[in-house]
Amino acid sequence: MITFKDYYQNNVKLSFTKNPFSKQPKHVWVITKYKHQWLLTKHKDRGLEFPGGKVEEGEKAEDAAEREVYEETGGIISNLKYIGQYFVDGKGGEVIKNVYYAEVDQLIKQPTYFETDGPVLLDTLPEDIQESSLFSFMMKDAVLPQSLKVIKKMEANS
Ligand code: GTP
């Protein structure tokens, strides 16, 4: 378990075991690749971030991950892998979010991308995300680099 403060100074706990905080998390976040590029979305208020959102009533977290990637980027997931789960002790309440890694093999243009401006492809994730106003707060704490480390190891072993 890793603990740290997020961009807003909320306490966060992150773990790469299976469902350490909840079997039914209400949020999902999907670190997504399309071919050899990172696939992000541009949230209208928060800026660039990996796709994700809330799990709907009666929906499985994995299905929410697939749905959110499709709604926010038009991406069809070919391979979804559970990475970990984090717990944010936020001022407005607690948030428990599953992190996934997904490969997308098709990007389908959508009439609307909901609260986002749709897909953004990046060759690399910049070093200065934490200082960049282009990126969402979600991309600015230890969840992203720690998850990327796990994904890299997983990819090296596959
Ligand atoms: P919607 O507008 O309905 O999406 O909801 P909301 O703004 O109420 O947000 P949500 O329930 O998604 O999150 C509530 C609060 O939890 C946010 O304002 C953040 O402080 C925190 N939070 C949500 N997601 C994350 C995340 O991925 N990382 C961190 N560090 N905090 C998060």
Side-chain angles (χ1 to χ4, degrees), residues 1-34 38-75 77 80-104 110-122 125-152 154:
M1 174 107 59
I2 304 164
T3 61
F4 50 88
K5 289 206 189 288
D6 73 2
Y7 182 74
Y8 294 122
Q9 298 302 308
N10 293 316
N11 289 310
V12 183
K13 292 186 263 185
L14 167 68
S15 165
F16 297 107
T17 59
K18 191 77 192 163
N19 301 328
F21 308 112
S22 173
K23 282 198 176 120
Q24 287 168 315
K26 296 214 173 74
H27 299 253
V28 293
W29 200 44
V30 192
I31 296 175
T32 309
K33 263 203 165 163
Y34 175 63
W38 297 108
L39 172 60
L40 292 84
T41 185
K42 188 169 174 219
H43 188 279
K44 286 187 193 316
D45 306 317
R46 299 191 295 257
L48 296 173
E49 61 190 26
F50 282 111
K54 291 199 173 96
V55 180
E56 289 174 354
E57 200 69 37
E59 189 179 38
K60 288 200 180 105
E62 284 74 15
D63 295 334
E66 264 184 42
R67 177 182 53 73
E68 289 286 356
V69 169
Y70 185 68
E71 288 179 357
E72 296 187 345
T73 71
I77 289 176
L80 183 76
K81 288 179 184 150
Y82 174 84
I83 299 296
Q85 192 178 70
Y86 60 100
F87 175 99
V88 184
D89 194 2
K91 290 169 189 86
E94 296 172 348
V95 170
I96 298 175
K97 201 173 276 203
N98 275 7
V99 185
Y100 297 92
Y101 173 56
E103 283 164 0
V104 152
Q110 301 296 304
T112 168
Y113 295 96
F114 295 79
E115 291 133 26
T116 85
D117 292 332
V120 174
L121 290 163
L122 296 180
L125 294 171
E127 296 284 329
D128 67 344
I129 286 182
Q130 286 181 4
E131 293 84 52
S132 169
S133 58
L134 294 177
F135 284 85
S136 160
F137 77 94
M138 273 178 212
M139 304 284 287
K140 295 183 175 174
D141 60 41
V143 172
L144 180 60
Q146 293 289 341
S147 300
L148 289 173
K149 254 200 245 174
V150 172
I151 292 167
K152 215 170 170 182
M154 219 163 72

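Residue indices begin at 1 and follow the sequence shown. Start at 1 and go down the list; that is how both ligands and their atoms are numbered. Side chains are part of it too, since the values below use all heavy atoms of this structure and drop only hydrogens, waters and symmetry mates.
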Partners of F114 by side chain to side chain contact (heavy atoms under 4.5 Å, CB included), sequence neighbours excluded?
E71

Does ligand 1 have any N/O pairs with the protein under 3.5 Å, and how far apart?
| unit_1 | atom_1 | unit_2 | atom_2 | d |
| --- | --- | --- | --- | --- |
| ligand 1 | 3 (O) | K54 | NZ | 2.6 |
| ligand 1 | 4 (O) | K54 | NZ | 3.3 |
| ligand 1 | 5 (O) | K54 | NZ | 2.9 |
| ligand 1 | 24 (N) | K97 | NZ | 3.0 |
| ligand 1 | 27 (O) | Y86 | OH | 2.6 |
| ligand 1 | 27 (O) | K97 | NZ | 2.8 |
| ligand 1 | 30 (N) | D6 | OD2 | 2.8 |
| ligand 1 | 30 (N) | D141 | OD2 | 3.2 |

Using 30° and 60° as the class boundaries, would you call the ring planes of F87 and F21 parallel, tilted or perpendicular?
tilted

V28 side chain near V55 side chain, heavy-atom distance below 4.5 Å:
yes

Could you give the side-chain donor-acceptor pairs of residues 129-139 under 3.5 Å, partners two or more places apart or in another chain?
| unit_1 | atom_1 | unit_2 | atom_2 | d |
| --- | --- | --- | --- | --- |
| S132 | OG | L134 | N | 3.1 |
| S136 | OG | E49 | OE1 | 2.7 |
| S136 | OG | M138 | N | 3.2 |

K5 and N10 side chains, donor-acceptor separation under 3.5 Å
no

Side chains of residues 94-104: which donor-acceptor partners sit under 3.5 Å, not counting sequence neighbours?
| unit_1 | atom_1 | unit_2 | atom_2 | d |
| --- | --- | --- | --- | --- |
| N98 | OD1 | Q85 | NE2 | 2.7 |
| N98 | ND2 | Y100 | OH | 3.0 |
| Y100 | OH | E62 | OE2 | 3.4 |

